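Worksheet for the structure shown next.
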Amino acid sequence: MKKIDVCLSPDLIHLYDLSDKNVVVVDILRATSCMVAGLANGVRSITPFADLEACRTMKDLGYLIAGERGGEKVEGFDLGNSPLEYMAAKVKGQKVAVTTTNGTVAIDRSGKAVRVIIGAFLNISAVAEYLKQKKESAVIFCAGWKGTVNLEDSLYAGALVEKLQNDFANGSDAPLLVQSSWQHMKHDLAGFIKNSSHAKRLNRLDIHADIDFCMREDEFDVVPVLSGQELVVNNSQA
Ligand code: 3SL
């Protein structure tokens with residue numbers, strides 16, 4: 001039987017052999033929620049960069065450049081890191097290059113995987129169905145915060161493990177851990193997330209609408225996958 005495993009921090013990913021697995025990268029607040037929202041709303045492609053200055057150079061190649069540090073839009077960039085910005089008319093049909101504190105770092109560290117898939121609550125069922133159709137085992141890779149574990153990514157992992165439980169066996173104790181947390185907190189997701197460290201960090205930016213939006217389940221049915229260097233909507237079922 002295929003296995004599902006969960007990596008709770010980018011600093012632990014070296015412990016996982018990704019070479020024969022699909023990886024679902026998740027950064028609920030807010031990087032992967034932005035990517036899902038953007039690609040579902042007509043953004044042509046999203047190219048992730050761990051390095052800010054490398055991302056900035058993409059402006060000269062005709063890309064819109066997006067990114068945050070400390071949650072705030074980087075000076076001189078076209079977009080910050082709000083999923084609502086990614087759905088604006090000016091972004092439709094455009095190629096976006098993006099850099100964020102944790103999300104794009106996790107994508108960067110997933111390079112050895114068979115497929116890199118972008119997950120969020122916004123497309124959770126679409127991702128679950130996609131993984132079920134594939135023959136490979138999978139790792140849910142939580143972006144966390146600067147190497148530490150966070151609540152919202154771990155709860156997403158628990159929710160996805162729950163959706164996969166009939167098709168995948170647990171690869172370690174981590175899926176069991178996150179699934180029990182999800183079962184405990186899913187009835188008041190917004191309430192628990194409000195008390196998470198990153199929601200508190202973001203409160204000073206007054207972006208409650210972003211946080212509420214990122215908690216919505218199954219708003220979109222797209223599955224973004226990494227194709228070469230860029231994330232695109234999976235159309236081919238490749
Ligand atoms: O760390 C990240 O990748 C970001 O999503 C963080 S923030 O929500 O923009 O602060």
Side-chain angles (χ1 to χ4, degrees), residues 7-13 23-40 43 46-56 58 64-88 91 96-111 116-124 140-157 189-190 192-216 219-220 224 226 230-231:
C7 175
L8 290 168
S9 152
D11 286 1
L12 297 174
I13 198 66
V23 170
V24 180
V25 176
V26 57
D27 184 351
I28 294 295
L29 298 176
R30 295 166 289 169
T32 59
S33 299
C34 287
M35 292 164 184
V36 171
L39 289 167
V43 171
I46 298 178
T47 307
F49 286 87
D51 181 68
L52 193 151
E53 292 311 323
C55 186
R56 198 191 295 276
M58 299 301 281
L64 288 181
I65 52 174
E68 60 68 37
R69 285 298 180 267
E72 296 191 59
K73 179 175 165 184
V74 179
E75 211 182 316
F77 275 38
D78 301 302
L79 304 168
N81 198 34
S82 163
L84 308 178
E85 278 181 288
Y86 272 77
M87 296 191 294
V91 193
V96 175
V98 62
T99 181
T100 68
T101 310
N102 306 284
T104 58
V105 172
I107 295 170
D108 191 54
R109 293 189 192 175
S110 305
V116 179
I117 298 150
I118 299 299
F121 282 115
L122 297 170
N123 69 341
I124 187 166
I140 307 168
F141 183 2
C142 300
W145 179 257
K146 296 185 177 175
T148 62
V149 173
N150 75 19
L151 185 65
E152 63 277 12
D153 297 346
S154 307
L155 288 178
Y156 168 87
L189 184 58
F192 280 103
I193 297 290
K194 209 179 289 167
N195 283 314
S196 71
S197 55
H198 197 48
K200 286 183 182 157
R201 222 175 269 125
L202 290 174
N203 271 342
R204 80 190 151 77
L205 303 176
D206 201 19
I207 49 168
H208 307 284
D210 277 11
I211 297 174
D212 290 347
F213 185 77
C214 294
M215 293 306 122
R216 291 198 204 163
E219 196 72 20
F220 307 116
L226 198 61
E230 59 183 26
L231 294 164

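First listed ligand is number 1; within each ligand, the first listed atom is number 1. Just so it is clear, the model here is predicted, and its values are computed rather than measured.
Closer than 4.0 angstrom to ligand 1 sit non-hydrogen atoms from Asp27, Leu29, Arg30, Ala31, Glu68, Gly71, Asn81, Thr100, Thr101, Asn102, Gly103, His198, Leu202.
In this structure, the side chains of Ile140 and Val23 stay at 4.5 Å or more apart for every pair of heavy atoms.
A salt bridge does not link Asp51 to Arg56: none of the charged side-chain nitrogens sits closer than 4.0 Å to a carboxylate oxygen.
Side chains of Arg69 and Thr99: a donor-acceptor N/O pair is present below 3.5 angstrom, by distance only.
Every side-chain contact (heavy atoms from CB on, under 4.5 Å) that Leu84 has, sequence neighbours left out, goes to Ser82, Met87, Ala209, Asp210, Phe213.
Between Ile124 atom CD1 and Glu219 atom CD the span is 13.5 Å, to the nearest 0.5 Å.
In terms of heavy atoms, Ala97 sits closest to Phe49 at CB-CE1, 3.8 Å.
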